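What follows is a short report on a single structure.
Reckoned from all heavy atoms, side chains included, excluding hydrogens, waters and symmetry mates. Source: prediction; values computed, not measured.
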Amino acid sequence: MTNIDERLEKIEAMLVVLVERPQMREWYTTQEFAQAVGKADFTIRGYCRLQRLRAEKRQSGRGAHPQWVLPHAELLRYQKEGLLPYRRPASSHEEPGAFRLAE
């Protein structure tokens, strides 16, 4: 095998590694975030709604309803630190379906 053939094989092997490597993105949908952390999409949406993850709603172009998106920095923070602590709602009205502890 010639030197050029060996170099081409090395280049091809490196290209395969680059193509198969997950892409770093600036923003992730809840589905992409869930896949990256091994959770269900439904679970990640719930964490966003409860503010256990730092996320924001954006129009997705797929209908009238905005969808949650999470920044790359939040993915890194979650992988290192986990969920943000649960905070009780600030209003005096409790969330529907919430359990109330006896005092």
Side-chain angles (χ1 to χ4, degrees):
M1 192 181 272
T2 67
N3 189 24
I4 291 176
D5 290 334
E6 291 173 3
R7 290 177 66 191
L8 283 174
E9 282 185 24
K10 286 181 182 179
I11 291 170
E12 287 175 350
M14 290 187 322
L15 283 173
V16 167
V17 169
L18 286 173
V19 168
E20 292 177 353
R21 191 168 67 178
Q23 296 291 321
M24 185 183 85
R25 303 179 55 151
E26 191 173 337
W27 293 92
Y28 296 93
T29 65
T30 54
Q31 184 176 5
E32 293 164 337
F33 193 95
Q35 186 176 16
V37 299
K39 299 279 184 186
D41 180 37
F42 179 82
T43 301
I44 299 302
R45 286 194 316 267
Y47 290 156
C48 293
R49 190 173 48 256
L50 295 172
Q51 299 178 1
R52 305 281 318 265
L53 292 170
R54 293 181 184 117
E56 60 185 63
K57 287 260 188 156
R58 287 198 180 163
Q59 290 295 76
S60 65
R62 298 184 317 208
H65 303 289
Q67 70 176 8
W68 290 108
V69 291
L70 301 102
H72 181 72
E74 182 62 3
L75 174 64
L76 297 177
R77 189 208 59 77
Y78 173 79
Q79 289 172 332
K80 185 177 179 181
E81 301 170 17
L83 292 171
L84 295 170
Y86 176 74
R87 287 179 272 150
R88 292 188 69 112
S91 69
S92 61
H93 303 293
E94 293 187 27
E95 293 181 15
F99 291 99
R100 190 170 168 202
L101 297 175
E103 296 182 22

Neighbour count >12 (heavy atoms, 6.0 Å) for atom CD, Gln79: yes
Separation between NE2 of His72 and CZ of Arg25, rounded to the nearest 0.5 Å: 11.5 Å
Can you give each donor-acceptor pair under 3.5 Å made by side-chain atoms of residues 33-42, sequence neighbours left out, with the distance rounded to 0.1 Å?
from  : atom 1 : to    : atom 2 : distance (Å)
Asp41 : OD1    : Thr30 : OG1    : 2.5
Asp41 : OD1    : Gln31 : N      : 3.2
Asp41 : OD2    : Arg45 : NH1    : 2.6

Separation between CD of Glu12 and CE of Met14, rounded to the nearest 0.5 Å: 11.0 Å
Shared hydrophobic cluster for Leu70 and Leu83 (ILVMFWY, side-chain gaps under 4.5 Å): yes
Salt bridge (charged side-chain N to carboxylate O under 4.0 Å, His left out) pairs, two or more places apart, involving residues 67-79: Arg54-Glu74, Glu74-Arg77, Arg77-Glu81
Co-members of Leu8 in a cluster of I, L, V, M, F, W and Y side chains, linked at under 4.5 Å: Ile4
Inter-residue atom distance Lys57.NZ - Arg49.CZ, 0.5 Å rounding: 8.5 Å
Rounded distance [0.5 Å steps], CG in Leu53 versus CD1 in Ile44: 5.5 Å
Which residues share a side-chain hydrogen bond (donor to acceptor under 3.5 Å, both in side chains) with Tyr47, sequence neighbours left out: none
Beyond-backbone contact of Gln59 with Pro66, side-chain heavy atoms, under 4.5 angstrom: yes
Connected hydrophobic set around Val69, excluding itself, where side chains approach under 4.5 Å: Trp27
Steps toward salt bridge (charged side-chain N to carboxylate O under 4.0 Å, His left out) verdict (Arg58, Glu56): CA-CA 7 Å; Arg58 287 198 180 163; Glu56 60 185 63; 3.1 Å; yes
Residues clustered with Leu84, ILVMFWY side-chain links under 4.5 angstrom: none
